[in-house]
Structures are given as C-alpha cells and as structure tokens.
Amino acid sequence: MKNFKRYLVTSALPYANGPIHIGHLAGVYIPSDIYTRYLRMKGVDVISVCGSDEHGVPITLKARKEGVSPQEIVDRYHTINKKAFEDFGIAFDIFSRTSNKVHYETASDFFRTLYNKGEFIEKSSEQYFDEEACCFLADRYIMGTCPLCGNENAYGDQCEKCGTSLSPNELIDPHSTISGSKPVLRETLHWYLPLDKYEPWLKKWILEDHKEWKVNVYGQCKSWLDHGLQPRAVSRDLDWGVPVPVEGAKGKVLYVWFDAPIGYISATKELTPDWEKYWKDKETKMVHFIGKDNIVFHCIIFPAMLNAEGTFILPENVPANEFLNLENDKISTSRNWAVWLHEYLEDFPGKQDVLRYSLCANAPETKDNDFTWKDFQARNNNELVAILGNFVNRALVLTNNYYDGKVPARGKTDSNDDAVLKEIARIRENVESSLEAFRFREALKEAMNLARLGNKYLADAEPWKVIKTDPERVKTIMNIALQITANLTIVCEPFLPFSMEKLRGWINFNELKWSEAGKTDLLITGHVINKPGLLFEKIEDEDITKQIDKLLATKKANEAEGAKTAPGKDVITFDDFTKIDIRTATILEAEKVPKTTRLLKLKIDTGLDIRTIVSGIAEYYEPEAIIGKQISVLANLEPRKIKGIESKGMILMAEDKDGKLVMVTPADKVSNGSMIK
RNA sequence: UGCGGGGUGGAGCAGUGGUAGCUCGUUGGGCUCAUAACCCAAAGGUCGGAGGUUCGAAUCCUUCCUCCGCUACCA
C-alpha cells in the first residue's frame, strides 16, 4: 500500500434546509470523525473539512414559503448544525459554508479555469418558465394530472402513484408548484460538462485502479460507466447561488452539484493558507465520506471536474454508507420522521457517546439498517454499561480498595496472564486494520473486546478470593487489569471521546498516542489513580418511552395530514362543465401491459365506439375479474401514447384516503354511452 | 422499466465452494470485586423461494419474490 504524507478527509456537506439527524450521523459524520480522530492519534498530518451546502432550489422555495430570504434560511440551519456538530464531538477542523466569500471566489475561479480551457459545451434549449415567479422550473417543480391514472399530484418527471416516468408536457393542466401559474416554454442557454469525454479515463481510474472500493460504490460507478456518460449542465437559471462568471450569464448560477464539492476546496482554503498541499500534492490521501445517494457525484462527476481542471488530486477512497431507517420507516425531513441531533443533545445531556456508540455499532455499512430506541437502550445498558463501564469500575474500585489507588507492581506472570497481555496487542492490531479498511462496526466491536477480555480476566483470576490467600499474586492481577484499562482509553478514544476523556482523568493518564496502544506498561508501579465515577449510566424505560411517544405523535400528525379531504377546486361555469364528455361504458377485454406493475390495457365499449384505454389500476383489479364491468369514462380526453399504446380517454376512479382506486359504476345497469351529467 | 446494493437462528450483523459464526436477547448454572453488572454452558437457523452445476453450495449459474438507492436540470 502506498504511504501518504498527509490526509484530507471530507464529509458530505449537509444541505442547509434542515437540521442534522441520526441518518446523517450514522452514514457520514460518525465514520469520518472516528477515522479522523484515529489518524490524529497516529500523529499524521490530517485535516477534516466540512460545511453547509447552502444553494439550490429547495432552499429558495423554503424561503419563499416562509416569506424570508434564502440567506435567513441557511443562516438558521448553518448555526444549528455547526453547534450540534461541536456539541456532539464531531471534530471538523473547519465547518464552513458555501455562501461565504472564499467559496464564491473559489467556485468562480474553478468554473473560469474550465471555461478558459474550453472544457464546457454551450447549448441552449427550451425549458418551462414560471412567469409569475419569474424563474425556470425543474421538472420536479411542475405538477399536474397524470394522463394515466388521473393522479392530480403527478410531478413533471414522474407520477408517484402509477410509477410512470413523464415529461412535463405530458401532464394535463400543468402548473408550477411555486406560484401555481401555468408554465410556458422559453429558450435558455447553459454550460455543460462533457462527461462522455472523460469516460475512458474514468473507466481506467475506477474500474481498474480502484477495485478495492466498497462493492456498493464500485457497482454503482460501473453501472454508470457501462451505460455511457452524457454531458451534464453545470448552470441553472436562478438568483440564489454562485453567479456564472462569464459575459452574458446574467441570472445564471452554478448548479449545486458543481458548486457543492468545490465547497471542500474553499473550506480548506479558509482553514489554512497552506491549502494547496492538501489538494495538489500527490502524497496527500483524500477520502470522501458520503451517503449512497452521493456516489456518482463524488466518484464520477467531481473527479471529472478535478481532472478537467488539471492541478488537483483525486480521492483515494469514497467509503459511502447505505441509509439508516428509524423505527422501520424511512427517515424523512419533510415528514419530521427523524431523531434530530440538536434535540437528542437536549434530551440526553452528556450522552453523546451513547449515540455515537449505537450508531456506529449499527451503521449501515453494507445495507440499510434500522435504528430503534429499544436497540439504543439495549446497546447502552447491555454493552456500554455492562461490559465497558462495569469492567472499568471493577478495576478501579479494586485498586482503590486494595492499594489505596496506587498501581501495584506486576510480579511473576502465569500462562493466562501472558495470554491476556498478548491479546492486548492483538486487539490493537485488529482495531487498526478494521479502521484502515473503513470497517467501523468491526473496529468498534474489537475495541469492546478489550473490555470483554478484562471482564473475563477478572472472573478467571478472582482477585477478591485470592486476596485472602496470596496477596502478592493479586498485585500482578490488578496491574494487568489496569494496563487493560489504560489501553481502553486509547483504542476506544476514536469512538467514545467524551467517556475516554473522563476515564483518562480517573486514572491520571494522558498518553493519547495510538503508538502506545498494545503496550502493557502504560501505568507504572506506584502511579496514583483517582476515585472513579460511573462511566455510563443505565437508561430507564421511561426515557425511551418518551422518545417513542414523540415519534408516535409525529406519525399521528402525518396520518391526519394525509387523511385530509382534498380541498375544493375553483368554481367553473356550466359551459365548462358541458365540455366534459363523461359516459358509461363496459369493459370488453383487459390485460396487463407487459413489464409494468400498475398498467392495464382495456378494450371498452363506449356506445360511440370500441376503444383502447390504458389505466393504472393493475394493483387493485385483476384483469379477468373486471371483464364485463360497467364503468364511467371521460370520453373526450385528448389521446396519449402510453408504453407505445394509444390510450383514448380515461377511466374514472374514486381515490380513497389511502390511495386505493375504486371504479365508479352506475348503481343499475344502463346502456353504454349514457351521458353522465 | 433498467441498473446497483441487500434478504443468514427472536434482533442486529459476519461469512463467497469443504462439518453455519459473532454481538445482544432467552434458558440453566457459577461468582459476589462490580451500575442485579460479570463468567460458563445450552437451546434456537432446511442461510428469501424454485431449479441447476459439483463428490460437496449460504457461497457459482438460471429464474422468481421482496426491501433500499440511482435512472442523468429531484442535493
């Protein structure tokens, strides 16, 4: 393995439209913090950079909704998150932000360099524009009625009800989610990064030179590369962000994914005038800690940008984690389904390490994992308290009782003693190799094994019995137990920094060097220790119940929100109504549209004609069961092609609160083509 | 839809061809220095389903089911 002179650790920039939650922590910030603390203890040159990602449309929307400026929104969350990280012991060397001056300059420079080198393609295209809000609309911000299933809340890119992907011009009655007005097409100019140009280079760099990356990361990259890369726009029409620094680019800003990773560079710049050695020296090892949603940006797009610029180094590894669920449900900022860090810190003061521990022990390293409060409690009570806290307490209490707090001399050791002493060194190596491979769960387990070893050693050696028959022997036993304790303060430090600081205070030991770990003479004979307190305390059921109740309340509130009857629509004239041709029809044939889950192809008799309609109802109706059924049809709806089939009209369905679709059938049989009015 | 990653005893995970393992929980026993903590032992799994390759499959192949993510101006 190559030896690096220094390390640059980056952690995904949290988006400043909400507070930090446990998903962020387990996926990104705890692993990066453990890694950084470990490297610092090794005495290597390492810096850890992070900051708020403060641009992009969602922030402008949130600002508009609250009637404040985007700056106010990002100021709010930047402040909350910066403080929460600090209080939680995530030890960034700098937590910067992308709305500051250094970043504007850095990002502009970066863009200009690529621009001057001719790395961009300039292209104009037609996009939807919201005339009321005066901005262009991403597909996601256009809503309308799905031509397929009639869902009125279909997005411009996809209908989430029937799962079909759409383009905005397919929507019936499209409107902007920002102002509600009808969007119009308008010509706009943008700059594109031709990713396809870097494809051969990326293929070699990732697929050949970085086979050691985690399978989820490597797999995702391979998939993208195998499909072929396309040029990607790097600018947007928006008034919030870093302005595109070229002539004639008024009203255009750098698109956030271009802007945000440069934030790592500007944060480093802000931290040290020496920033270039971290970014441009081949002997620096750069590691990006991110969540799985960010893989392509950090493995393909950002490296392509760096490569195009030409003077920067590339990441050596991108240890992306999967996602953490909360009590069996996806964590969601908008649904308030999360454990927020700033709230946890208030609810569980002084218990940073408990959350650090349970999130690391259950980190979603290879697949999505679930966080439950019961598990959190069990990890604390059965592991931190019972194994680690208890061992430390036993060792220190016995030493205080027998030797008045002075470390006794180690005499002749027996074979069991020797085995234990040897094991201490082995555990250090295990922790180390796991950390180097970004296997943090495993590393933590190994560190805890040292406390397990201590408990077993005491149980086997039984000093409380031996003291009555062979007091000399007990000195050796306790000496060894104390060496284990001292070792714990080192190997557990990256994971449990608050508790280990306490413990170091109790044993008057401050050698925080990784190189000391594994040694069996860390505490010399006669060294004085203090009276210990409790390293961890039990968490009672009521504390857990309180948290679970909080989540249940959220769930209830969300359900109430979802169960609301859709609001009434604007008044229309009778004329408007007469334009609509709704009539009864009978289903003659029904079959599933191949390779879809929700679509049925129906042949119906409308009285006027026999026609084909594609409808997104396959989840609720079996094809065989509905043949012969009488239904209501919107007959004069403009025809549309769906999955290559021309669909003429729409089957009317009543949508229940839970999204279930039910056919609207006449109470008595009527002839086909009867008008519904 | 396509692609990527998952589906292993009650829970969380490891294990990529050769007798199915770890942590927690459960049950029984031991110990009493310790926050009823600790130590020992046991029970508990046809490794998502089906088919195949092999002397032998959790591990390789085919297929299906299922969860999560991405699918390119949703950060």
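So you know, we letter chains A, B, ... as the sequences are listed, proteins then strands, and number each from 1.
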### Message
Let's test this: given Watson-Crick or G-U wobble pairing with both distances under 3.5 Å, identify the partner of C60(B).
### Response
G52(B)
### Task
May I have the distance from N380(A) (atom CG) to G12(B) (atom C1'), rounded to whole angstrom?
17 Å
### Message
Considering every strand and a 4.0 Å limit on heavy-atom distances, what is the contact class for Y457(A): base, sugar-phosphate, or nothing?
### Response
nothing
### Query
Given that both distances must come in under 3.5 Å, which nucleotide forms a Watson-Crick or G-U wobble pair with G4(B)?
C68(B)
### Task
Describe the nucleic acid contact of G533(A) in one word from base, sugar-phosphate, nothing, applying a heavy-atom distance below 4.0 Å.
nothing
### Task
For R452(A), report the nucleic acid contact type (base, sugar-phosphate, nothing); a contact means any heavy atom under 4.0 Å.
sugar-phosphate
#### Entry: Proximal nucleotide (of U35(B), C24(B), U32(B)) relative to the W464(A) side chain
U32(B)
### Message
Would you call the rings of H288(A) and H298(A) parallel, tilted or perpendicular, taking 30° and 60° as the class edges?
### Response
perpendicular
### Query
Expressed in whole Å, how much space separates the P atoms belonging to C22(B) and A42(B)?
11 Å
### Message
Mind checking if L535(A) touches a base, just sugar-phosphate, or nothing, with heavy atoms under 4.0 Å?
### Response
base
#### Entry: C1' atoms of G45(B) and U53(B), separation to the nearest Å
25 Å
### Query
Given G69(B), A37(B), C31(B), which nucleotide is nearest the side-chain atoms of F323(A)?
G69(B)
### Summary
Atom CZ of R379(A) and atom P of U35(B) are separated, to the nearest Å, by 24 Å
### Query
Across the strands shown, which category fits K374(A) at heavy-atom distances under 4.0 angstrom: base, sugar-phosphate, nothing?
nothing
### Rounded C1' spacing from C64(B) to G28(B) in Å
44 Å
### Task
For N362(A) and R441(A), test the side chains for any donor-to-acceptor distance below 3.5 angstrom and give the result as yes or no.
no
### Query
For R232(A) and C70(B), what is the distance between atoms CZ and P respectively, to the nearest whole Å?
12 Å
### Sugar-phosphate, base or nothing in reach of A386(A), heavy atoms under 4.0 Å
sugar-phosphate
### Task
Give K456(A) one of three labels, base, sugar-phosphate or nothing, depending on what nucleic acid heavy atoms sit under 4.0 Å from its own.
sugar-phosphate
### Query
So what does N390(A) hit on the nucleic acid, given a heavy-atom distance under 4.0 Å: a base, only sugar-phosphate, or nothing?
base
### Message
Within the 4.5 Å heavy-atom criterion, are F536(A) and L496(A) side-chain neighbours or not?
### Response
yes
### Task
Could you check V354(A), D543(A), N380(A) and say which one makes a side-chain contact (heavy atoms from CB on, under 4.5 Å) with F348(A)?
D543(A)
### Query
Any side-chain N or O of N382(A) under 4.0 Å from OP1/OP2 of G25(B)?
yes
### Query
Base, sugar-phosphate, or nothing: which does Y402(A) touch, judged by heavy atoms less than 4.0 Å apart?
nothing
### Query
How far, in whole Å, is U54(B) from C60(B) if one measures between their C1' atoms?
10 Å
### Task
Could you check Y255(A) against L384(A) and say which one's nearest nucleotide on RNA chain B is further toward the 5' end?
L384(A)
Using the 3.5 Å cut-off, write out each protein N or O paired with an N or O of nucleotides 3-11 of chain B and the distance between them.
from, atom 1, to, atom 2, distance (Å)
C3(B), O2', S223(A), OG, 2.3
G4(B), O2', Q220(A), N, 3.4
G5(B), O2', T366(A), O, 3.3

Could you list the donor-acceptor pairs under 3.5 angstrom formed between side-chain atoms of residues 233-244 of chain A and any protein atom two or more places apart in sequence or on another chain?
from, atom 1, to, atom 2, distance (Å)
S235(A), OG, H190(A), ND1, 2.7
S235(A), OG, W191(A), N, 3.2
D237(A), OD1, T188(A), OG1, 3.3
D237(A), OD1, K252(A), NZ, 2.7
D237(A), OD2, T188(A), OG1, 2.8
D237(A), OD2, H190(A), NE2, 2.9
W240(A), NE1, E54(A), O, 2.8

#### Entry: Integer angstrom distance from the P of A37(B) to that of U59(B)
40 Å
### Message
What is the separation between atom CG on N400(A) and atom P on C33(B), rounded to the nearest whole Å?
### Response
16 Å
### Message
Taking U1(B) as the reference, what is the distance to U63(B) when you measure between their P atoms (whole Å, please)?
### Response
15 Å
### Task
Could you please name the partner base of G10(B), counting Watson-Crick and G-U wobble pairs only when both distances are under 3.5 Å?
C24(B)
### Query
Looking at the side chain of L534(A), which of U35(B), C31(B), C68(B) is the nearest nucleotide?
U35(B)
### Query
Mapping A361(A) and K445(A) to their closest nucleotides on RNA chain B, which lands nearer the 5' end?
A361(A)
### Message
So if I take every side-chain heavy atom of N393(A) and compare against C40(B), A34(B), C73(B), which nucleotide ends up nearest?
### Response
A34(B)
### Query
Would you call E442(A)-K445(A) a salt bridge at under 4.0 Å N-O?
no
### Message
Ring-plane angle category for F376(A) and W373(A), please: parallel below 30°, perpendicular beyond 60°, tilted otherwise.
### Response
perpendicular
#### Entry: K292(A) to F323(A), cation-pi by 6.0 Å centre distance and 45° axis angle
yes
### Message
From NZ of K538(A) over to P of U35(B), roughly how many Å is that when rounded to an integer?
### Response
12 Å
### Query
With a non-hydrogen cut-off below 4.0 angstrom, is E442(A) in contact with a base, only sugar-phosphate, or nothing?
nothing
### Query
Reckon L229(A) touches a base, only the sugar-phosphate, or nothing at all at heavy-atom distances under 4.0 Å?
base
### Task
Dump the intermediate steps for side-chain contact (heavy atoms from CB on, under 4.5 Å) on L355(A) and K351(A), then the final yes or no.
CA-CA 7 Å; L355(A) 189 61; K351(A) 293 202 190 300; over 6 Å; no
### Task
Taking side-chain contact (heavy atoms from CB on, under 4.5 Å) as the test, write out the residues that go with T476(A), two or more places apart.
R410(A), T413(A), D417(A), R473(A), I480(A)
### Query
For R394(A) and A37(B), is the shortest distance between a side-chain N/O and OP1 or OP2 below 4.0 Å?
no
### Task
Please determine, for the side chain of A459(A), which listed nucleotide (C73(B), C33(B), C39(B)) has the closest atom?
C39(B)
### Task
Provide the distance between the two P atoms, one in A58(B) and one in C67(B), to the nearest whole Å.
26 Å
